[in-house]
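Before any comments, here is the structure.
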Number of protein chains: 2
Amino acid sequence: MAAPARKKPVKRRRSPIQSRGQATVDVIVEAAAQILARQGPAAATTNAVAARAGVSIGTLYQYFADREALLVEIGRRHVAEMQAVLAGALAGIDGLDLPAAVDRLVAAIVASHRVSPRLHQALHQSLARDHLDTIDAFEVAVEAMVRQALAARPELDLAAPELTATVLVRGLGGLIRTTIRREPERLDDPALAIAMRAMILGTLAGSRRGA
Amino acid sequence: MAAPARKKPVKRRRSPIQSRGQATVDVIVEAAAQILARQGPAAATTNAVAARAGVSIGTLYQYFADREALLVEIGRRHVAEMQAVLAGALAGIDGLDLPAAVDRLVAAIVASHRVSPRLHQALHQSLARDHLDTIDAFEVAVEAMVRQALAARPELDLAAPELTATVLVRGLGGLIRTTIRREPERLDDPALAIAMRAMILGTLAGSRRGA
DNA sequence: GAGAAACATGAGGCTTTGCTCAGATCCTCG
DNA sequence: CGAGGATCTGAGCAAAGCCTCATGTTTCTC
């Protein structure tokens, strides 16, 4: 329930047919992502992107209907990359006991946020409200994953497993994002990982049916 | 430690001397906040703000050196308002036992975020990186407060009280902000408050010196 | 190899926005 | 009252950004 309201469709232009065109699209997206991450949303003008990509502005508009469409595509690729890192770091987690699994989860989420923190934040700042769901997709996916993991462990005896999953994932995500923005270097602090583990395990223990 | 890097000073222009001028400033700031909250950052052009305030564009620039200075002032006032709500909802918390105090805290933080969720998000999106600390001030204040509260309860026997405070406040804040953005109506769900309480109490229990 | 389709170019049109300035109006206070 | 400071006005400048289009180049297909 609670769908995100109105949603403007992402206008597209011609998709590349030849491999040359595909390469051009890649170059453009990467250039844009780089500027966005390094100099922020304001610097990512379509002309600047085209220049950095070594491509004419007309070429950019051959593949993207407008600036927003380009941003959305960057968001899609970024989310895909984060999900790939997450999946990689989460491999074989099913066989682990709870504390070990939690450690893995923490490490995996942190690692996926490390893919490109600046880009992540820049996207949050520059995407229009209608398209924020593009980046939210990552957290939505993690939420689904955790929900499933919790369901697979009835011994946790959770009063409201789905809600607990939501609270955990959003809390963890918010904590990581805030930390990246305010004290980026602290993400490497082992003490933080320990504190996050305590938070997760504690929350699970505190969300039992008993009280 | 870990201070937020460079910081451009907020350019000011003449401060109002007469009460007429003060009133004008208020009208401008409120008009801007309204546009920001209702139509988003892109709609909040200086001309639009002046028009909605019923004031000429020249008047706006008499009091604000540039658009960013106006945004910063909006941020300052918004944070002050949130802090006022927080302080009000937190009155007399010192005498309560832990579970009751936590309930109060949860209610207080939620209430302060309810002041103007859309404006809160719009500010996050439109403030330049150099000025994001303006809004971060709220969470910084809450963090200090919680840190102090935890220090006052040695019976909690926390292994790293300050870190626990940080993790709790940032996690909670992130959770609330994400929820406001994705499912605003859910903020009223009593189940969410219960889940947050479980999270806090659980985290505290899980952060003991013992392990 | 020729025609067609895909791809690329970039000058510049069109719009918008932040902001200035020369002067008008209002308020205070001796 | 009347001088002087505070406040307000709004036409419009300069800069910047998004995007188009007429034209040229490369690649594919038969």
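Just so it is clear: chains get the letters A, B, ... in the order the sequence lines come, proteins before strands, and each one is counted from 1.
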Legend entry - Contact pattern, 5' to 3', of nucleotides 5-20 of chain C - B, S or - by protein heavy atom under 4.0 Å: -BSBBBB-----SBBB
Legend entry - Residue list, side-chain contact (heavy atoms from CB on, under 4.5 Å) with B:Ala43, at least two apart or on another chain: B:Ile35, B:Gln39
Inset, instruction - Kindly write out the residues that satisfy salt bridge (charged side-chain N to carboxylate O under 4.0 Å, His left out) with B:Arg77, not counting sequence neighbours, or none if the list is empty. - result: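 Residues passing salt bridge (charged side-chain N to carboxylate O under 4.0 Å, His left out) with B:Arg77: B:Asp26, B:Glu73.
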Inset, instruction - Report yes or no: does B:Asp133 contribute a side-chain atom to a donor-acceptor pair with the main-chain N or O of B:Asp136 at less than 3.5 Å? - result: no
Inset, instruction - Check ring-ring contact (aromatic ring centres under 6.0 Å, His included) between A:His120 and all other residues, then give those that pass, not counting sequence neighbours. - result: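 ring-ring contact (aromatic ring centres under 6.0 Å, His included) list for A:His120, sorted by chain: A:His78, A:His113, A:His124.
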Inset, instruction - Considering only heavy atoms of chain B and a distance under 4.0 Å, specify the first and last nucleotide of DNA chain D in 5' to 3' order that meet this criterion. - result: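 First and last nucleotides in contact are D:dA6 to D:dA11.
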Legend entry - Reported CZ-to-CZ distance for the pair B:Arg181 and A:Arg129, which is rounded to 0.5 angstrom: 10.0 Å
Inset, instruction - Could you list the residues that satisfy side chain to side chain donor-acceptor pair (under 3.5 Å) with A:Arg147, not counting sequence neighbours? - result: none
Legend entry - Atom CD of B:Glu162 with >12 non-hydrogen neighbours under 6.0 angstrom: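 Incorrect, the count does not exceed 12.
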